Amino acid sequence: MTSTDVRHDAEDSGPSGYAAARLRLLTEGARSGPPRRSALSELTDEWLAGLFTAGTEELKGVSLVAVGGYGRGELSPRSDLDLLLLHDGSDGKAVAALADRLWYPVWDLGLALDHSVRTPAEARKTAAEDLKVQLGLLDARHLAGDLGLTSGLRTSVLADWRNQAPKRLPELQELCAERAERQGELQYLLEPDLKEARGGLRDATALRAVAASWLADAPREGLDDARRRLLDVRDALHLATGRATDRLALQEQDQVAAELGLLDADTLLRQVYEAARVIAYASDVTWREVGRVLRSRAVRPRLRAMLGGGKPVTERSPLAEGVVEQDGEVVLARAARPERDPVLPLRAAAAAAQAGLPLSLHAVRRLATTVRPLPTPWPAEAREQLVTLLGSGRPTIEVWEALEAEGLITRLLPDWERVRCRPQRNAVHIWTVDRHLIETAVRASEFTRRVSRPDLLLVAALLHDIGKGWPGDHSVAGEIIAKDVAARIGFDRADVAVLSTLVRHHLLLVETATRRDLEDPATVRSVAEAVGSPSTLELLHALTEADALATGPAAWSSWRGSLVADLVKRVAAVLAGDEPDEPAAVAPTAEQERLAIEAVATGSPVLALRAQTEPPTEEQPSGDPEPLGVELLIAVPDQEGVLPAVAGVLALHRLTVRTAELRALDLPDGVEGSVLLLNWRVAAEYGSLPQAARLRADLVRALDGSLDIAGRLAERDAAYPRRRGVIAPAARVTVAPAASRHATVIEVRAQDAPALLFRIGSALDDAGVRVRSMHVSTLGANAVDAFYVTGAPGTPLPADEAGAVARKLEETLRG
């Protein structure tokens with residue numbers, strides 16, 4: 001169907017004809033993107049013009065004007081119609097009647113309408129008072145009626161905007177900053193708002209407004225294409241959902257990707273992130289230029305007076321060879337020769353980051369178009385400048401983004417292309433892979449005084465997740481890539497080996513510390529063998545913390561930090577030649593001993609609840625400590641079913657388990673019996689915490705069998721079914737080989753859910769195994785648990801039996 005056919009359909013029968021033609025246009029598979037948006041705008045123009053003309057045979061001095069997105073001719077399937085009925089004020093009653101004849105047919109079709117009726121003077125006055133109105137009028141487009149009236153308004157609005165730009169542009173910048181703070185960064189969000197988030201369509205519109213002011217202009221390369229891609233995604237989102245929404249929710253991403261002919265949701269997100277990055281970078285450069293121009297205008301009259309009317313001389317302060325500071329930016333020196341100096345991009349970037357200044361757009365573009373490739377391996381200066389850039393802290397991010405915007409990063413490090421803008425579908429991660437790597441380097445720069453080789457720490461931080469662009473285990477793939485990159489940038493063989501080890505084992509410390517029994521010598525020896533040397537251990541410890549801090553708030557805490565530090569201390573002793581002793585009894589605290597003795601004396605569980613908080617950190621040195629939930633200590637006479645009983649009671653009371661440990665406790669001499677100690681951190685799902693006495697009473701009933709936990713949980717689930725959300729990956733249960741000589745270690749990775757630990761404990765009980773100790777942690781929406789289990793004789797399970805238990809547990813969790 002052609003555009004002419006569609007328009008003829010619209011003329012056939014008024015609103016119903018327009019509705020039919022609109023539906024045909026939106027369901028036409030062959031047309032999408034800008035052609036469809038233009039066709040929809042033209043179709044709507046003709047329909048509205050027909051409505052206008054039918055009611056204005058005798059009416060003069062009136063025009064119908066499209067503003068905002070409709071004014072730009074960018075109608076998405078569910079876009080609002082932004083309309084202004086402009087009149088000269090001569091016949092208000094007739095104009096009001098015309099407005100009714102225009103607006104009601106639009107509403108009757110269920111179309112969203114943003115409308116106003118104003119004289120040119122009223123429109124200008126409203127624009128002066130409301131920045132959003134003024135921005136909409138900058139895109140005013142004549143639809144019908146008095147063309148001279150519309151043209152006069154456009155001319156005066158543009159003149160007002162240019163005259164008021166020194167005042168209105170800072171106001172617009174503040175509006176953009178507030179929106180970014182509220183909505184976040186489009187290029188990193190898993191469920192981004194395509195319009196409101198930073199780097200989205202609102203920012204693209206703001207850049208058009210800045211250009212219209214003639215005060216400054218945005219970098220144009222790629223900007224129109226980025227904006228077009230976001231509009232295409234919004235069109236597909238409207239069609240997929242049937243709603244006027246700008247939020248790209250997880251459950252709609254596969255359908256939107258299919259609508260656009262893309263491979264999958266990850267490909268969709270990557271395209272969205274790339275477009276957002278272009279717009280966000282253009283915004284940064286543009287607002288910096290606006291600030292420079294406004295400062296220059298404010299200073300120039302004073303300088304002229306001081307210099308007797310002469311032209312002021314621009315100051316240029318040298319920063320490094322070929323690099324100077326000018327007007328608050330880092331630019332190339334006049335004598336710089338990028339075509340002869342392949343190290344210049346890294347030198348300029350390092351100088352900018354060290355000075356805390358942005359790299360000039362013109363400087364980066366000149367480097368991108370003229371600089372020669374670095375030789376392989378890199379000269380020592382290039383490697384040193386890269387390390388300096390990575391070690392510069394927070395300013396590194398802005399400088400790195402400037403290099404990346406012009407393609408310099410992938411020219412320096414070709415493997416970067418696979419992780420660039422790559423999404424991470426994990427609630428723990430708050431960044432894309434590439435931004436996470438830079439954030440890790442920024443965090444690692446804070447730890448360079450803790451290690452003897454800060455250069456290796458910073459480069460390892462940059463490369464530790466580089467394997468995420470490849471199939472399979474990213475640590476294994478990353479080790480191979482890291483070897484190649486480290487050799488290419490000029491590290492010697494020994495340093496290459498250290499870097500590849502750091503990348504291969506960057507998760508080793510935190511996973512071992514939180515999922516293994518550190519009292520087991522096999523645990524400590526396995527880590528020592530993987531690390532190999534005290535200096536590598538030192539680097540790995542710093543990298544582990546930097547990586548976790550750069551991941552997100554759920555990935556690190558003082559608790560995890562203390563566990564990792566304990567493991568590092570034990571491994572360091574082994575690497576120094578001290579063999580770990582066989583597991584010795586861990587001395588209980590006074591409170592643990594008191595609870596254990598009381599449990600033996602009463603023959604029933606005893607528990608204590610106490611608030612637990614994070615201590616102040618360097619980033620948050622004062623104020624209230626961060627709440628971590630409540631520590632729950634339980635001492636129970638050793639018996640079967642303890643784990644499912646405790647987990648079930650907590651689930652019944654709607655307590656979420658953040659971390660959990662279980663171990664047998666040795667009692668003081670003269671006290672007979674065996675006690676299990678559970679040290680758990682819990683938080684109320686909502687409401688307040690239950691009283692300890694109620695928890696204890698229910699635990700007693702759960703252990704004696706009089707409380708049907710499974711039945712109660714099933715009744716609650718039936719009464720309050722959980723809302724359907726994102727489909728999570730299936731649970732995975734594995735047996736960790738050679739993890740302990742005293743028990744079989746079963747690892748569980750699953751989506752966190754109410755009563756998950758109860759289901760695991762019940763399944764292990766049903767399998768006839770005893771849980772001797774366990775280490776449970778929740779990372780965002782992911783449960784990562786390790787259970788040390790034994791058979792009836794108290795020994796590790798045979799391999800075939802362990803595998804059967806793991807398979808049965810996995811089936812239970814997937815069922």
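Computed from a predicted structure; not experimentally measured.
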* Structure fact -> On a heavy-atom basis, the closest approach of A112 and D80 is CB-OD1, 2.9 Å
Using side-chain contact (heavy atoms from CB on, under 4.5 Å) as the criterion, list what pairs up with [X], not counting sequence neighbours.
X: D108; answer: none
X: P170; answer: L294
X: D217; answer: A211, R220
X: T150; answer: S63, V65, H142

With a 4.5 Å limit on heavy-atom distance, are the side chains of [X] and [Y] in contact?
X: L408; Y: L367; answer: yes
X: L23; Y: Y18; answer: no
X: L248; Y: L268; answer: yes
X: Q134; Y: R168; answer: yes
X: Y281; Y: V278; answer: no
X: R141; Y: R72; answer: no
X: V157; Y: L138; answer: yes
X: L237; Y: E252; answer: yes

* To do: Show your reasoning for whether side chain to side chain contact (heavy atoms under 4.5 Å, CB included) applies to W161 and S213.
  => CA-CA 6 Å; W161 178 245; S213 75; 3.6 Å; yes
Nearest 0.5 Å, what's the [atom1]-[atom2] distance between [X] and [Y]?
X: R22; Y: T27; atom1: CZ; atom2: OG1; value: 11.5 Å
X: E325; Y: L357; atom1: CD; atom2: CG; value: 4.5 Å
X: D264; Y: R270; atom1: CG; atom2: CZ; value: 11.0 Å
X: D146; Y: K60; atom1: CG; atom2: NZ; value: 9.0 Å
X: L64; Y: L143; atom1: CG; atom2: CG; value: 4.5 Å
X: I438; Y: E404; atom1: CD1; atom2: CD; value: 7.5 Å

* Qualifying residue, where the test is side-chain contact (heavy atoms from CB on, under 4.5 Å) with D203 and the options are T286, L186, I279 ->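 Filter result, single survivor: I279.
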* To do: Given salt bridge (Lys or Arg N to Asp or Glu O under 4.0 Å), test E185 with R435 step by step and report yes or no.
  => CA-CA 12 Å; E185 297 256 4; R435 177 61 183 270; 5.3 Å; no
* Would you list the pairs meeting salt bridge (Lys or Arg N to Asp or Glu O under 4.0 Å) in which at least one residue belongs to residues 109-127, sequence neighbours left out? =>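 Residue pairs passing salt bridge (Lys or Arg N to Asp or Glu O under 4.0 Å), neighbours aside: R124-D160, K125-E129.
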Considering only NZ, NE, NH1 and NH2 on the basic side and carboxylate oxygens on the acidic side, decide whether [X] and [Y] come within less than 4.0 Å.
X: D225; Y: R229; value: yes
X: E329; Y: R288; value: yes
X: R36; Y: D232; value: no
X: E439; Y: R394; value: yes
X: R277; Y: E274; value: no
X: E196; Y: R202; value: yes
X: R422; Y: D434; value: no
X: D246; Y: R234; value: yes
X: E171; Y: K167; value: no

Would you say the side chains of [X] and [Y] form a donor-acceptor pair under 3.5 Å?
X: R198; Y: Q183; answer: no
X: D235; Y: S76; answer: yes
X: Q253; Y: R425; answer: yes

* Asked: Yes or no on side chain to side chain contact (heavy atoms under 4.5 Å, CB included) for R101 and L51, after CA distance, side-chain angles and deciding distance?
  -> CA-CA 7 Å; R101 289 195 296 272; L51 292 175; over 6 Å; no
* Passes side chain to side chain contact (heavy atoms under 4.5 Å, CB included), V256 versus L239? Steps please. -> CA-CA 8 Å; V256 172; L239 291 172; over 6 Å; no
* Asked: Is the count of non-hydrogen atoms from other residues, nucleotides or ligands lying under 6.0 Å from W214 atom CH2 greater than 12?
  ->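 No, CH2 of W214 has 12 or fewer neighbouring heavy atoms, counting only those of other groups under 6.0 Å.
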* If you draw a 6.0 Å radius around CZ in R227, do more than 12 non-hydrogen atoms from other residues or ligands fall strictly inside? -> yes
* **side chain to side chain contact (heavy atoms under 4.5 Å, CB included) between T410 and E417, worked out** => CA-CA 6 Å; T410 49; E417 178 60 30; 3.4 Å; yes
* Mind telling me whether H115 and W103 have parallel, tilted or perpendicular rings, with 30° and 60° as the class edges? => tilted
* ring-ring contact (aromatic ring centres under 6.0 Å, His included) partners of residues 168-191, not counting sequence neighbours, each pair once ->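 Residue pairs with at least one partner in residues 168-191: Y188-W431.
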